[in-house]
Enquirer: 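Below is a structure I'd like to ask you about.
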Amino acid sequence: MGIIVEKNVEESLHSQKWFKNWKVIMLSTISIIALILAAISYYQATHFNANIKINGIEISGMTANQAFEKLQASVLTNEIYVGEQQIVDGKDTQMEFTNDDLQGVKQRLKDQWSFFPSFKENDYTLLPGQQDQYRSETLKNELEKKLTSMNQSLTAPVHAHASLVQGEIVVSKSVDGTQYDVASLMEEFEKHGYTSEIHLNPIYLLPFKEDSEKVKKEEQKLQELLQHSVDYKVQDKVHTLSGSELIKNATISEDLKVSIDPSTIKSKITEINAAQSTLGKDFNFKTHSGSIISVKGQGYGWALDVEKETAQIQAVFEKGETSISASNTYGNGWSGEGYGYETTTNNGIGDTYAEVSIAEQRIWLYKAGQLVLTTNVVTGKHSTGEDTSPGVWYILFKRTPYTLKGSAVGKADYSVPVSYWAPFTNSGQGFHDAGWRTNWSSTAYLTAGSGGCINVAPSVMKAVYDNLSVYQPVVVY
């Protein structure tokens with residue numbers, strides 16, 4: 001029994017000794033592991049992992065200071081590629097990092113930290129705190145100039161666009177081009193990292209497609225044009241000009257401004273002009289006796305300047321305005337001006353005019369439709385072809401007194417003073433007093449008439465002069 005007890009005690013003491021040794025070993029192992037882990041943690045916190053780059057520069061296993069020194073020493077070739085094509089070969093420069101940028105490298109070290117070493121690839125971007133003037137200005141300008149120059153020999157895209165063709169809205173098809181989108185590529189350059197080589201993906205100018213919002217707006221604009229109408233007033237008549245009838249061909253600019261082919265508008269204005277103008281036409285005229293005669297317009301009359309009126313109406317349609325009055329006329333006046341546009345009564349002659357009958361050798365003056373004076377006169381000498389010219393004329397101007405200068409058939413040039421002078425033809429025919437005349441008979445004009453003027457007795461010439469007004473029609477027949 002004693003032997004057994006001793007044996008158990010011995011075994012117990014041996015077991016306790018082993019446990020104590022095991023405990024020591026375990027504590028030692030843990031301490032070693034802790035030291036190893038502390039070393040790893042320190043290394044990881046102060047060194048970059050494998051496969052790490054900054055701006056394309058390999059810095060694996062380096063400290064922040066080592067990486068920073070390598071970045072400072074690195075050369076930028078400043079080569080720019082678009083796709084596979086190198087288009088700019090810039091000069092070599094160094095990365096312009098200063099000591100202030102070391103903090104940025106340290107931050108990248110923190111960003112990539114992992115407790116255990118990692119082999120994950122990563123390429124960080126780090127820009128200098130102070131802008132690289134060569135990259136941001138000189139190289140950038142070289143790139144923009146090069147792209148712009150290249151585009152001159154490349155094919156531009158063709159945009160789809162809506163136009164009006166023979167009264168129908170037609171949308172053309174778009175065609176892709178090969179020109180670069182310079183603005184977008186410049187934006188990509190601005191965003192690119194601070195690497196030795198700069199690789200940009202090709203970005204091309206794209207055409208507007210047939211279903212684009214822009215083309216839809218063009219179609220809408222043309223549809224509005226076709227539905228648009230303009231009230232065109234000529235004298236007292238208003239003509240409604242319909243876009244669907246008068247606009248057959250039109251295009252739209254990039255900023256949605258309409259440009260109209262004016263040929264059909266011009267035809268319409270020509271038609272209106274033919275119907276309403278009086279220039280060179282025969283006037284129906286009711287004489288003092290009540291008979292209706294036809295007298296050709298000469299100095300008096302007007303016509304629309306079709307070219308100018310067409311341009312004016314074209315502009316009104318293009319601007320979307322709704323009304324306009326005619327404002328461009330011409331005629332046989334001294335400076336090409338036309339007269340009578342504002343007159344619509346009495347077939348365009350109005351109710352204030354002078355009536356001259358060669359056959360009766362008499363004149364009648366009307367104001368506001370009322371006869372205010374009538375008297376015998378002597379007109380141009382018929383036998384020598386110096387007749388007073390028939391037609392509808394107008395009073396050019398009035399002078400009192402005046403000196404008449406000219407020539408007559410078979411006579412030397414003359415210079416004769418008169419008290420009153422009111423010409424109505426550009427050639428110099430007009431009303432004036434003739435104190436030298438002795439023959440006032442109704443047949444005097446046949447062989448003893450004037451040189452073309454209308455001679456009025458001095459005793460009534462003042463009244464005639466006072467009842468004539470500038471631009472007043474003079475009807476000679």
Side-chain angles (χ1 to χ4, degrees), residues 144-145 147-187 203-234 237-273 303-330:
E144 187 169 16
K145 288 179 180 178
L147 290 171
T148 302
S149 175
M150 292 174 67
N151 271 353
Q152 292 178 359
S153 59
L154 298 175
T155 304
V158 178
H159 300 299
H161 69 276
S163 59
L164 194 63
V165 181
Q166 296 301 313
E168 298 292 332
I169 297 176
V170 176
V171 177
S172 66
K173 294 187 177 298
S174 64
V175 179
D176 290 337
T178 57
Q179 285 186 339
Y180 291 110
D181 185 339
V182 178
S184 295
L185 281 169
M186 295 311 296
E187 288 182 8
I203 305 175
Y204 299 100
L205 287 173
L206 298 177
F208 292 111
K209 300 296 184 180
E210 292 83 345
D211 59 349
S212 67
E213 191 64 30
K214 182 176 183 299
V215 174
K216 290 179 181 178
K217 288 181 179 179
E218 291 176 349
E219 291 182 278
Q220 180 181 354
K221 194 83 172 179
L222 291 171
Q223 190 61 50
E224 291 172 355
L225 182 65
L226 290 174
Q227 295 172 352
H228 192 65
S229 63
V230 173
D231 287 338
Y232 177 49
K233 186 177 181 181
V234 181
K237 294 184 179 179
V238 177
H239 304 268
T240 298
L241 308 180
S242 169
S244 59
E245 294 179 5
L246 298 184
I247 302 174
K248 299 302 179 183
N249 300 285
T251 57
I252 298 183
S253 64
E254 290 297 319
D255 55 357
L256 294 179
K257 290 185 178 179
V258 178
S259 179
I260 296 171
D261 174 2
S263 56
T264 312
I265 295 175
K266 182 178 179 180
S267 297
K268 183 63 176 180
I269 304 308
T270 301
E271 176 187 317
I272 293 172
N273 185 51
L304 294 173
D305 186 323
V306 174
E307 293 290 342
K308 291 182 179 179
E309 287 298 292
T310 298
Q312 186 172 250
I313 293 168
Q314 176 186 349
V316 168
F317 268 108
E318 291 175 350
K319 294 176 183 177
E321 297 172 355
T322 58
S323 63
I324 190 172
S325 296
S327 59
N328 299 285
T329 60
Y330 69 96

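Only a predicted model underlies this, so the values are computations on that prediction, with no experimental measurement involved.
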Enquirer: Just to verify, which of Val316, Val238, Ile269 counts as forming a side-chain contact (heavy atoms from CB on, under 4.5 Å) with Tyr232?
Expert: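 Exactly one candidate clears the test, Ile269.
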Enquirer: Which atom pair, heavy atoms only, marks the closest approach of Ile169 to Leu222?
Expert: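 Looking at all heavy atoms of both residues, the shortest contact is CD1-CB, 3.9 Å.
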Enquirer: Working to the nearest 0.5 Å, report the span between CZ of Phe317 and OG of Ser229.
Expert: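 Taking CZ in Phe317 and OG in Ser229, the distance rounds to 7.0 Å.
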Enquirer: About how many Å separate CD of Gln223 and OG of Ser244, when rounded to the nearest 0.5 Å?
Expert: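 Between atom OG of Ser244 and atom CD of Gln223 there are 10.0 Å.
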Enquirer: Of the non-hydrogen atoms in Ser327 and Gln312, which two are nearest, and what is the gap between them?
Expert: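 Taking Ser327 first and Gln312 second, the nearest heavy atoms are OG-OE1, 3.0 Å.
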Enquirer: I'd like to know if Glu213 pairs up with Lys217 as an ion pair, taking the criterion as any Lys NZ or Arg NE/NH1/NH2 lying under 4.0 Å from an Asp or Glu carboxylate oxygen.
Expert: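 Looking at Glu213 and Lys217, the cut-off is not met.
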Enquirer: For the atom pair CG (Asp176) and CG (Leu205), what is the distance rounded to the nearest 0.5 Å?
Expert: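 It is 11.0 Å, given to the nearest 0.5 Å.
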Enquirer: Any ion pair linking Lys221 and Glu218 (charged N to carboxylate O, less than 4.0 Å)?
Expert: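 Looking at Lys221 together with Glu218, the answer is no, because their closest N to O distance does not fall below 4.0 Å.
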Enquirer: Provide the closest heavy-atom pair for Thr310 versus Val306 in the form atom of the first, atom of the second, distance.
Expert: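 Closest approach of Thr310 to Val306, heavy atoms only: OG1-O, 2.7 Å.
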Enquirer: Kindly say whether Ala162 contributes a backbone atom to a donor-acceptor pair with the side chain of Glu219 at under 3.5 angstrom?
Expert: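 Here the side-chain-to-backbone pair does not exist.
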Enquirer: For a 4.5 angstrom cut-off between non-hydrogen side-chain atoms, does Ser259 reach Thr251?
Expert: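 In contact.
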Enquirer: Indicate the ring-plane relationship of Tyr204 and Tyr180, choosing parallel, tilted or perpendicular according to the 30° and 60° boundaries.
Expert: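 If you compare the ring of Tyr204 with that of Tyr180, the planes turn out parallel.
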Enquirer: Check for a donor-acceptor pair, side chain of His161 on one end and backbone N or O of Ser253 on the other, with a separation under 3.5 Å.
Expert: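 No; zero donor-acceptor contacts below 3.5 Å.
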Enquirer: Could you check whether any side-chain N or O of Asn273 sits under 3.5 Å from a backbone N or O of Leu304, counting only pairs where one atom can act as donor and the other as acceptor?
Expert: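 It does hold such a pair.
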Enquirer: Would you check if the side chain of Thr178 reaches a backbone N or O of Thr155 as a donor-acceptor pair within less than 3.5 Å?
Expert: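 Present.
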Enquirer: Under a 3.5 Å distance rule, please check whether Gln314 uses its side chain to pair with a backbone N or O of Asp261 as donor and acceptor.
Expert: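 Not confirmed, Gln314 side chain does not pair with Asp261 backbone.
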Enquirer: Would Asp231 and Lys233 count as a side-chain contact (heavy atoms from CB on, under 4.5 Å) here? Give the steps.
Expert: CA-CA 6 Å; Asp231 287 338; Lys233 186 177 181 181; over 6 Å; no
Enquirer: So Val230 and Ile324, do their side chains get closer than 4.5 Å, heavy atoms only?
Expert: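 SC-SC contact between Ile324 and Val230 confirmed.
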Enquirer: Distance check, rounded to the nearest 0.5 Å: Asn249 atom CG versus Leu164 atom CG?
Expert: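 Spacing of CG (Asn249) from CG (Leu164) equals 6.5 Å.
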Enquirer: Which atoms form the tightest heavy-atom contact between Ala250 and Leu225, and what is the distance?
Expert: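 What the structure gives for the nearest pair is CB-CD2, 4.1 Å.
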Enquirer: Look at the side chain of Gln166 and the backbone N and O of Lys248, then say whether any donor-acceptor pair between them is shorter than 3.5 Å.
Expert: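 Pair absent, no side-chain N/O of Gln166 close to backbone of Lys248.
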Enquirer: Identify whether the distance between the nearest side-chain nitrogen and carboxylate oxygen of Glu307 and Lys266 falls below 4.0 Å.
Expert: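 Result for this pair is yes, salt bridge flagged.
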Enquirer: Looking only at heavy atoms, what is the nearest atom pair of Leu226 and Ile247, with distance?
Expert: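 It is CD2-O, 3.9 Å.
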Enquirer: Would Asn151 and Gln179 count as having a side-chain donor-acceptor pair, cut-off 3.5 Å?
Expert: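 No, Gln179 and Asn151 have no side-chain donor paired with an acceptor closer than 3.5 Å.
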Enquirer: His159 and Glu254: side-chain contact (heavy atoms from CB on, under 4.5 Å), yes or no, with the steps?
Expert: CA-CA 10 Å; His159 300 299; Glu254 290 297 319; 4.0 Å; yes
Enquirer: Rounded to the nearest 0.5 Å, what separates atom CD in Glu144 from atom OG in Ser149?
Expert: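 Reported value, rounded in 0.5 Å steps: 12.5 Å.
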Enquirer: Crowded around Lys209 NZ? As in, over 12 foreign heavy atoms under 6.0 Å?
Expert: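 Atom NZ in Lys209 is packed in, count exceeds 12.
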Enquirer: Could you give the distance from CG (Leu147) to CE (Met150), rounded to the nearest 0.5 Å?
Expert: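 If we round to the nearest 0.5 Å, Leu147:CG and Met150:CE are 6.5 Å apart.
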Enquirer: Is Glu168 atom CD crowded by more than 12 heavy atoms from other residues, nucleotides or ligands, each under 6.0 Å away?
Expert: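 Atom CD in Glu168 is not crowded, with 12 or fewer foreign heavy atoms closer than 6.0 Å.
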